[in-house]
Engineer: 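Here it is, the structure in full.
Computed from a predicted model, the values in this text were never measured in an experiment.
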Amino acid sequence: MIEVDKTNFEEEVLKAEGLVVVDFWSPKCEPCKELMPHVAKLAEKYQGKAKFCKLDTAANRRLAISQKVLGLPTIAFYKNGEKVAELTQEVTVEDVEAKLNELV
Amino acid sequence: MSELYDIIIVGGGPAGLAAGVYGSRSRLKTVILQKGTPGGQAATTEELENYPGFPRGTKGPELMKAMADHAESFGTEILNEEVVDLDLDGDIKVVRTKSGKEYQSKIVILAPGASPRTLDIKGEQEFRGKGVSYCATCDADFFEDLDVVVVGNGDAAIEEAIYLTKFAETVTIIVIHDEGILDCNKVSAEKAFANPKIKWVWNSVLEEIQGDGLVERVLIKNIKTGEISELETNGVFFFVGTVPNTEFLKGKVKLDDRGYIITNDKMETSVPGVYAAGDARVKYLRQVITAASDGAIAAFAAEKYLAEEETFREQVLKADKPVMVAFWAPQVEESIAAIGELERIADKLGDSVKLVKMDTYRNQRVASRYGIKEIPSLLLFNKGEVAVKIAGSMSEEKILPHLYARIKSK
């Protein structure tokens with residue numbers, strides 16, 4: 001998974017072609033840390049079909065809020081730079097994969 | 001099919017982890033099936049000040065990590081599995097998980113915990129993750145220099161509100177009671193009243209959450225005057241109690257009408273060999289310490305259950321001669337006399353029969369399994385099966401013929 005922050009978010013997500021999955025997390029969010037390894041496995045499984053990024057919201061608060069993310073965990077799906085779907089709180093990896101299959 | 005466990009614990013919060021410590025320390029093969037990281041609700045509680053021996057400054061996630069490590073150090077396995085279905089009726093319990101695996105055990109301890117209650121206020125669903133939150137540790141740092149509202153006034157609400165003041169500019173607590181009345185403990189109440197960042201709205205409930213993409217304002221209703229006022233805010237945190245995570249247990253063990261698991265003080269549920277512990281149980285106080293206490297009791301009771309069942313199997317069901325199982329109770333005089341009579345009969349026949357005494361005051365399980373309603377009663381087992389059932393007083397005339405028939409038939 002690519003680590004994104006305010007310096008490369010535009011490049012990696014908003015200007016990217018195709019499907020980009022962004023895992024919004026923070027070091028204090030236990031459910032986020034529980035979910036992330038599973039998302040990382042999806043990243044391997046869907047290699048070439050979707051790009052996976054993670055964003056530490058504690059260090060990039062304004063960026064997260066600009067993406068209308070104000071709660072964790074949030075998994076956002078971007079297609080050609082447009083946010084097309086979002087899963088938030090009580091997210092399971094099964095939900096993420098189902099949404100991914102819808103969008104791929 | 002997996003190997004056979006002694007104990008499967010469903011849920012890895014403090015109740016499940018304490019049960020793990022006690023179970024594996026008794027050298028029972030113990031596994032905890034837990035969705036995600038262990039710790040339960042306590043793992044998302046930042047300030048945890050009332051667990052004895054762990055003074056102020058203890059963090060929920062740290063304490064839960066320590067409990068998990070402790071359980072593992074005695075041999076408890078902790079697996080990341082979400083339980084979706086259980087088959088609890090037989091001697092061997094079967095537990096199925098979302099990943100499609102099946103686990104088997106002799107004992108199941110149910111510790112699924114509880115989740116934050118939602119109120120279904122207008123906007124609550126729509127703004128989830130957009131300013132509406134149930135987890136202060138997860139989301140507090142979004143609200144640095146912003147304004148938030150807290151709904152609720154129990155321990156969790158007031159303690160999390162105090163935590164939120166480390167980030168937010170203001171924290172407005174909406175309380176349904178008259179001014180100055182809170183449901184939380186006194187220490188937290190005093191701290192909150194002294195905190196300059198906390199504002200109070202009394203006699204009120206949250207009516208609606210509004211915004212455009214993100215939370216922008218809430219409508220608050222005064223329940224005395226009916227008046228509705230508007231308050232600009234960036235976030236709304238709900239701490240209005242919990243609901244038990246027992247949906248998957250409906251029809252499996254007895255629940256009360258709110259969905260909590262009913263147990264006795266040994267943590268036994270309505271199903272033999274199945275125990276419950278923690279917040280999902282009907283109980284008076286739901287805290288980390290009482291959850292851990294439940295877990296310890298459940299694992300201890302489970303160990304006794306396994307030992308008793310094993311003894312019964314060895315001494316009665318697998319015996320190579322007829323076995324008289326006598327059901328008595330210390331408070332029933334007639335049953336004490338009956339035991340004396342049966343001891344004489346057993347002596348007379350020497351090695352060819354065996355007498356096993358069941359104190360029904362201490363153990364009712366075997367008695368109820370075999371439908372014993374009267375004390376004293378006698379079951380004569382032969383080759384692992386009940387051959388004869390006799391109730392009431394015991395005498396040679398009543399019993400000897402049955403015994404001779406079995407001894408001869410051998």
Engineer: Please classify the contact of B:Lys35 with chain A as side chain, backbone, both or neither, using a heavy-atom distance under 4.5 Å.
Structural biologist: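 For B:Lys35, backbone and side chain are both near chain A.
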Engineer: Can you say whether B:Asn80 sits under 4.5 Å from chain A via the side chain, the backbone, both, or neither, judging by heavy atoms?
Structural biologist: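 Interface part for B:Asn80: side chain.
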Engineer: Hey, is B:Asp69 close enough to B:Lys65 for a salt bridge, meaning N to O under 4.0 Å?
Structural biologist: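 Result for this pair is yes, salt bridge flagged.
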Engineer: Can you tell which part of B:Val132 gets under 4.5 Å to a heavy atom of chain A, answering side chain, backbone, both or neither?
Structural biologist: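 Interface part for B:Val132: backbone (N, CA, C, O).
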Engineer: Near B:Asp212 CG, under 6.0 Å, is it more than 12 heavy atoms from other residues, nucleotides or ligands?
Structural biologist: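 12 or below, so no.
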Engineer: Looking only at heavy atoms, which two atoms of B:Val288 and B:Ala42 are closest? And how far apart?
Structural biologist: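 Smallest heavy-atom distance, with atoms named: CG2-CB, 3.8 Å.
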Engineer: Say you draw a straight line from NZ of B:Lys101 to CG of B:Leu33; how long is it, rounded to the nearest 0.5 Å?
Structural biologist: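 If I round to the nearest 0.5 Å, the distance is 10.0 Å.
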Engineer: Return the option, out of A:Leu35, A:Thr92, A:Val69, with the maximum number of heavy-atom pairs under 4.5 Å with chain B.
Structural biologist: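 Highest number of heavy-atom pairs under 4.5 Å: A:Val69.
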Engineer: Quick check: do B:Val215 and B:Thr233 have side-chain heavy atoms less than 4.5 Å from each other?
Structural biologist: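 They are in side-chain contact.
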Engineer: Chain B contacts: which residues in residues 43-56 of chain A have a non-hydrogen atom closer than 4.5 Å to it?
Structural biologist: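 The stretch does not come within 4.5 Å of chain B.
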Engineer: Drop me the distance from A:Asn80's CG to A:Leu14's CG, to the nearest 0.5 angstrom.
Structural biologist: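 The CG atom of A:Leu14 is 11.5 Å from CG of A:Asn80, to the nearest 0.5 Å.
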Engineer: If we define contacts as heavy-atom pairs under 4.5 Å, which of A:His38, A:Lys68, A:Glu30 has the most with chain B?
Structural biologist: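 Highest number of heavy-atom pairs under 4.5 Å: A:Lys68.
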Engineer: Of all the heavy-atom pairs spanning B:Gly129 and A:Thr88, show the shortest one and how long it is.
Structural biologist: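 Closest heavy-atom pair between B:Gly129 and A:Thr88: CA-OG1, 3.4 Å.
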Engineer: Using a strict cut-off of less than 4.0 Å between a Lys/Arg side-chain nitrogen and an Asp/Glu carboxylate oxygen, indicate whether A:Lys99 and A:Glu102 qualify as a salt bridge.
Structural biologist: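 A:Glu102 and A:Lys99: salt-bridged.
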Engineer: For B:Phe143, which atoms come within 4.5 Å of any heavy atom of chain A: side chain, backbone, both, or neither?
Structural biologist: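 It is both, since atoms from each part get that close.
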Engineer: Checking heavy atoms, do the side chain of B:Glu144, its backbone, both or neither come under 4.5 Å from chain A?
Structural biologist: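 When you check distances to chain A, atoms from both the backbone and side chain of B:Glu144 fall under 4.5 Å.
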Engineer: What are the two closest heavy atoms between B:Ala192 and B:Ile162, and how far apart are they?
Structural biologist: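 Here B:Ala192 and B:Ile162 meet closest at N-CD1, 4.0 Å.
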Engineer: Name the region of B:Phe167, side chain, backbone, both or neither, that has any atom closer than 4.5 Å to a heavy atom of chain A.
Structural biologist: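 For B:Phe167, the contact with chain A is made by the side chain alone.
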Engineer: About how many Å separate CG of B:Asp139 and OH of B:Tyr134, when rounded to the nearest 0.5 Å?
Structural biologist: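 With rounding to 0.5 Å, OH (B:Tyr134) is 11.5 Å from CG (B:Asp139).
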